[in-house]
Amino acid sequence: MDISPYNIRKNSIITIAGTVGVGKTTMTKRLAETLRFQASFEQVDVNPYLHLFYEDFKSWSFHLQIYFLTERFKEQKRIYDAGGGFIQDRSIYEDADIFARMHYENGTMTEIDYQTYINLFEAMVLTPYFPKPDLLIYLDGPLDYIIDRIHKRGRSMEMKTPDQYWIELHSRYEKWIHQFNLCPVLNLNIKEYNLNDQTSLEYIVKKIEKCIKKTDAN
Ligand SMILES: Nc1ncnc2c1ncn2[C@@H]1O[C@H](COP(=O)(O)OP(=O)(O)O)[C@@H](O)[C@H]1O
Ligand SMILES: Nc1ncnc2c1ncn2[C@H]1C[C@H](O)[C@@H](COP(=O)(O)O)O1
C-alpha cells in the first residue's frame with residue numbers, strides 16, 4: 001500500500017465540511033501542504049452567480065445550485081482522474097442537503113427547480129466520479145466566532161446578509177452532521193486548534209491517521 005510520511009494512504013480523499021466562514025479553505029490549504037496532497041477549492045471569486053444570488057435569492061438560487069453542481073462535478077472528475085490524494089474544500093452533500101434544501105423549504109427555490117436539481121444531483125453521485133470520501137472532517141465552533149470570521153473576511157455580499165441566514169445555516173449543519181453516515185467523520189472544534197502552530201497541526205494529523213486506519217481495518 002502506498003503510504004505518505006503520515007501513515008495515510010496517498011490516494012485518500014479527505015473532505016472538509018462545515019458552515020460558511022468556519023475555516024474550511026484555510027484547513028484545506030494547511031492539510032494539503034502538510035500531507036503533500038493536492039487541494040480542491042471552491043472558486044468564489046469567479047462564480048458568476050454568487051453576487052446576484054445574495055442580492056435576490058429567489059431569482060438566482062436555481063442558477064447558483066446548478067453552477068455549484070457543475071463545478072463540483074468537474075472537480076470530482078479531476079480527483080478521480082488523478083487517482084485521489086486530495087483535500088477537498090466542502091462536499092457535494094452539503095450543497096444538496098443543506099443549501100438547496102434550505103432555499104426550497106424557505107420558498108426561495110421553487111418545487112420544480114428543486115426536483116430538477118435533486119434529480120441531477122442523484123444522477124451525478126451515482127457516476128464513478130463520486131467515490132465516498134475516506135474521511136469527512138467536520139469543522140464547528142461557537143456561532144459568534146464563525147460570524148465574526150465572516151465579517152473579518154469581508155466579502156461584501158456576505159457582510160450585507162443578515163446574521164439570521166448564518167444562524168439558520170449553522171443550525172441546519174448541526175442537524176445534518178448528526179445523521180451523516182456516508183463515510184467516517186472527524187469532528188474538530190475551531191477553538192481547539194491553531195493552524196499556525198505545528199504541534200496543533202500534528203495533533204490533527206494524528207487524529208486523521210487514527211480515523212483512516214480504523215476504516216482500513218474494517
Ligand atoms: N484556525 C483559524 N484561526 C483564526 N482564523 C481563521 C482560522 N481558520 C480560518 N480563519 C479565518 O476565518 C475566515 C474564514 O476562513 P475560511 O477558511 O475562508 O472559511 P470557509 O472556507 O469555511 O468559509 C478567514 O478570514 C480566515 O483567515
Ligand atoms: N450550494 C450553495 N448554495 C448557496 N451558497 C453556497 C453554496 N455553496 C457555497 N455557497 C456560498 C457560501 C459562501 O458565501 C460562498 C463560499 O462558501 P465558503 O463556505 O465560504 O467556502 O459560497
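When a ligand or atom number is given, it counts from 1 through the structure's own listing order. No hydrogens, no waters, no symmetry mates; every other heavy atom, side chains included, goes into these values. Values in this document were obtained by computation on a predicted structure and should not be read as measured data.
The side chain of Lys24, and not its backbone, has at least one atom closer than 4.0 Å to an atom of ligand 2 (non-hydrogen atoms only; side chain from C-beta on). Contact annotation: for Asn47 versus ligand 2, there are no heavy atoms closer than 4.0 Å. Residue Thr19 touches ligand 1 through its backbone alone, judged by heavy-atom distances below 4.0 Å. The residue Val22 has no part lying near ligand 2, judged by heavy-atom distances below 4.0 Å.
The closest side-chain heavy-atom distance from Gln76 to Met124 is not below 4.5 Å. Side-chain contact between Glu42 and Arg72 is present, with at least one heavy-atom pair separated by less than 4.5 Å.
Atom 21 (O) of ligand 1 has its closest protein heavy atom at Thr25 OG1, 2.7 Å. Shortest contact from atom 20 (O) of ligand 2 to any protein heavy atom: Arg155 NH1, 3.0 Å. Taking atom 9 (C) of ligand 2 as the reference point, the nearest protein heavy-atom neighbour is Arg90 NH1, 3.1 Å. Ranking the protein heavy atoms by distance from atom 25 (O) of ligand 1 puts Arg153 CB, 3.6 Å first. Protein heavy atom closest to atom 3 (N) of ligand 1, with residue, atom name and distance, is Arg149 NH2, 3.2 Å. What sits closest to atom 13 (C) of ligand 2 on the protein, heavy atoms only, is Glu158 OE2, 3.1 Å. In this structure, atom 1 (N) of ligand 2 lies nearest to the protein heavy atom Asp95 OD1, 2.7 Å. Of the protein's heavy atoms, Gln65 NE2, 2.7 Å lies nearest to atom 3 (N) of ligand 2. Nearest protein heavy-atom contact of atom 21 (O) of ligand 2 is Glu42 OE1, 2.7 Å. Of the protein's non-hydrogen atoms, Phe99 CG, 3.3 Å is the one closest to atom 2 (C) of ligand 2. For atom 7 (C) of ligand 2, the nearest protein heavy atom (residue, atom name, distance) is Phe68 CE1, 3.3 Å. Annotation: atom 27 (O) of ligand 1 to nearest protein heavy atom, Thr26 OG1, 4.3 Å.
Not a single heavy atom of Gly18 sits under 4.0 Å from any atom of ligand 1. Residue contact annotation: Met157 has no non-hydrogen atom under 4.0 Å from ligand 2. At least one heavy atom of Arg153 sits less than 4.0 Å from an atom of ligand 2. At least one heavy atom of Val22 sits less than 4.0 Å from an atom of ligand 1.
Without hydrogens or angle criteria, Thr127 side chain to Ala123 main chain gives no donor-acceptor distance under 3.5 Å. The closest donor-acceptor contact from the side chain of Asn189 to the backbone of Lys191 lies under 3.5 Å.
For Tyr129 and Phe73, the ring centers are positioned less than 6.0 Å apart. Aromatic pair Tyr117/His103: ring centres not closer than 6.0 Å.
On a distance-only criterion, Gly23 and ligand 1 share at least one N/O pair closer than 3.5 Å. Every N/O-N/O distance between Thr25 and ligand 2 stays at or above 3.5 Å. Among the atoms of Trp166, none of the N or O lies under 3.5 angstrom from an N or O of ligand 2.
Scanning Phe41, Phe57, Tyr54 for the heavy atom closest to atom 12 (C) of ligand 2 points to Tyr54.
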Note to self: Set out, in order, the CA-CA distance, both residues' side-chain angles and the distance that settles side chain to side chain donor-acceptor pair (under 3.5 Å) for Ser40 and Gln88, then state yes or no.
What the structure shows: CA-CA 5 Å; Ser40 166; Gln88 188 179 33; 4.9 Å; no
Checklist line | Leu139 and Tyr173: CA distance, side-chain angles, deciding distance, side-chain contact (heavy atoms from CB on, under 4.5 Å) verdict | finding: CA-CA 10 Å; Leu139 305 183; Tyr173 260 95; over 6 Å; no
Next item on the list: May I have the step-by-step check of side chain to side chain donor-acceptor pair (under 3.5 Å) for Ser91 and Glu94, ending in yes or no?
Entry: CA-CA 6 Å; Ser91 68; Glu94 293 158 78; 2.7 Å; yes
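Atom CZ of Arg36 sits in a sparse spot, with 12 or fewer heavy atoms from other residues, nucleotides or ligands closer than 6.0 Å. The environment of OH in Tyr165 is crowded: more than 12 heavy-atom neighbours from other residues, nucleotides or ligands sit within 6.0 Å.
Side-chain atoms of Glu168 and Gln164 form no donor-acceptor pair, as typed in the model, at a separation below 3.5 Å. Side chain to side chain, Tyr138 and Glu174 fail the donor-acceptor criterion of an N or O pair below 3.5 Å.
Classification of the Tyr104-Tyr114 ring pair by plane angle, with boundaries at 30° and 60°, yields parallel.
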